[in-house]
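Here is the structure we will look at, set down as structure tokens.
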Amino acid sequence: MPYTAKDYAALVGMQGFSETLIKNHFTLYQGYVTNTNKVIDMLGQLLKDGKTGTPEYAELKRRFGWEFNGMRLHEYYFENLGGKTPLSRDGKLTKMLQAEFGSVEEWEKDYRATGAMRGIGWVALYEDAPSGRLFNVWINEHDVSHLGGCNPLLIMDVFEHAFMIDYGLKRADYIEAFFKNINWQAVESRCMG
């Protein structure tokens, strides 16, 4: 069964994100969904044809993580946007952040600093379910730097397409807009601990 792009049109009009920026971002996401399906189909055909020892098969296997994670990370990103209420000060996530970082403010300082690093990629707040630990992680490419077995709680896109139309090179201003629009209920619902 092929993947289908989810509808995130409710995010249009979100403060700090122009309609042009967000609609371009949706189009990019839809491309990852389309390409994920194409790679799956092509790999299936090569397998059926007995061509698993070919360079084409090997390269498509390598490409699959890029396309699939591009699709999935955008879904997490869009789903943790559109919020209007602050993080609950007595909720489960707040307690987890305080236990790991000492305070929500220290966690946020680290998350913002991670997002402000030079380069392209993603920032993820990951939960290591077996230990209950939380980590802010830089994901350099869609398919690189993920923490195996960890649960993504909060995802921020810091590729240029996520902010340059509205903010140019002012990534800190984009990060500020991102924080004003976090859907904390969606983030907290991802917590396992």
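In this text, all values refer to a predicted model and were calculated from it rather than measured experimentally.
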**Message:** Show, in sequence, the C-alpha distance, side-chain angles and deciding distance for Phe17 and Asn181, and conclude whether the side-chain contact (heavy atoms from CB on, under 4.5 Å) test is met.
**Reply:** CA-CA 10 Å; Phe17 292 77; Asn181 288 285; 3.6 Å; yes
**Asked** Can you check whether Leu47's main-chain N or O pairs, donor with acceptor, with Thr52's side chain at less than 3.5 Å?
**Response** no
**Prompt:** When rounded to the nearest 0.5 angstrom, what is the spacing between CD in Glu176 and NZ in Lys180?
**Reply:** 5.0 Å
**Heavy-atom donor-acceptor pair, Asp157 side chain to His74 backbone, under 3.5 Å** = no
**Asked** Met192 and Leu93: same hydrophobic cluster, using ILVMFWY side-chain contacts below 4.5 Å?
**Response** no
**Prompt:** Does any non-hydrogen side-chain atom of Glu56 lie less than 4.5 Å from one of Lys51?
**Reply:** no
**Message:** Tell me if the aromatic rings of Tyr77 and His25 count as close, with their centers under 6.0 Å from one another.
**Reply:** yes
**Item:** OG1 on Thr94 to CD on Glu188, rounded to 0.5 Å
**Value:** 6.5 Å
**Message:** With heavy-atom distances below 4.5 Å as the criterion, would you say the side chains of Trp66 and Glu141 are in contact?
**Reply:** yes
**Request:** Give the intermediate values and the outcome of side-chain contact (heavy atoms from CB on, under 4.5 Å) for residues Leu147 and Asp128.
**Result:** CA-CA 8 Å; Leu147 299 182; Asp128 179 27; over 6 Å; no
**Plane angle bin for Trp184 and Phe179 - parallel if under 30°, tilted between 30 and 60°, otherwise perpendicular** = tilted
**Fill in**
Separation between CD1 (Ile120) and CH2 (Trp138), nearest 0.5 Å, reads 8.0 Å
**Prompt:** So, the side chain of Thr27 versus the backbone of Lys23: is there a donor-acceptor pair under 3.5 Å, distance only?
**Reply:** yes
**Prompt:** Around atom NZ of Lys61, are there more than 12 heavy atoms of other residues, nucleotides or ligands at under 6.0 Å?
**Reply:** no
**Complete:** Val12 and Glu19 have their tightest heavy-atom pair at CG1-CG, 3.9 Å
**Request:** Compare every heavy atom of Tyr111 with every heavy atom of Ala124, then report the nearest pair and how far apart it is.
**Result:** C-CE1, 4.1 Å
**Request:** Report yes if the side chains of Val158 and Met117 come closer than 4.5 Å at any heavy-atom pair, otherwise no.
**Result:** no
**Request:** Could you tell me the separation between the CD1 atom of Ile175 and the CZ atom of Arg171, rounded to the nearest 0.5 Å?
**Result:** 6.5 Å
**Request:** State, to 0.1 Å, how close Arg62 and Asp143 come at their nearest heavy-atom pair, and which atoms those are.
**Result:** O-OD2, 4.1 Å
**Prompt:** Can Ser18 and Asp166 be counted as having a side-chain donor-acceptor contact under 3.5 angstrom?
**Reply:** yes
**Prompt:** With a 4.0 Å cut-off, would you call Glu108 and Arg112 a salt bridge?
**Reply:** yes
**Modelled atom types, side-chain donor and acceptor of Glu79 and Tyr8, under 3.5 Å** = yes
**Message:** Would you say the ring centers of Phe163 and Phe178 fall short of 6.0 Å from each other?
**Reply:** no
**Request:** Give a yes or no on whether the ring-centroid distance for His142 and Phe159 is below 6.0 angstrom.
**Result:** yes
**Item:** Interatomic spacing from CG in Leu97 to SG in Cys191 - rounded to 0.5 Å
**Value:** 8.0 Å
**Other residues, nucleotides, ligands: >12 heavy atoms within 6.0 Å of Met42 CE** = no
**Asked** Are any of the side-chain nitrogens in Glu59 or Arg63 under 4.0 Å away from the carboxylate oxygens of its partner?
**Response** no
**Prompt:** Are Glu160 and Arg118 within salt-bridge range, i.e. N to O under 4.0 Å?
**Reply:** no
**Nearest non-hydrogen partners of Thr4 and Tyr29, listed with the distance** = O-OH, 4.2 Å
**Request:** Would you confirm whether Asn151, through its side chain, and Arg190, through its main-chain N or O, come within 3.5 Å as a donor-acceptor pair?
**Result:** yes
**Message:** Counting only heavy atoms not in Gln185 (residues, nucleotides, ligands), do more than 12 fall under 6.0 Å from its CD?
**Reply:** no
**Request:** Please step through side-chain contact (heavy atoms from CB on, under 4.5 Å) for the pair Phe101 and Lys109, ending with a clear verdict.
**Result:** CA-CA 10 Å; Phe101 292 91; Lys109 182 177 163 184; over 6 Å; no
**Asked** Does the Asn37 side chain pair with the main chain of Val33, one donor and one acceptor, at a distance under 3.5 Å?
**Response** yes
**Item:** Met156 vs Asn136, side-chain contact (heavy atoms from CB on, under 4.5 Å): CA-CA, chis, key distance, verdict
**Value:** CA-CA 11 Å; Met156 179 171 59; Asn136 290 325; over 6 Å; no
**Message:** Please check this pair: side chain of Tyr3 against backbone of Tyr32, looking for a donor-acceptor N/O pair closer than 3.5 Å.
**Reply:** no
**Prompt:** Transitively linked via ILVMFWY side-chain contacts under 4.5 Å: Val144 with Leu125?
**Reply:** no
**Prompt:** For the atom pair OG1 (Thr114) and CD1 (Ile139), what is the distance rounded to the nearest 0.5 Å?
**Reply:** 11.0 Å
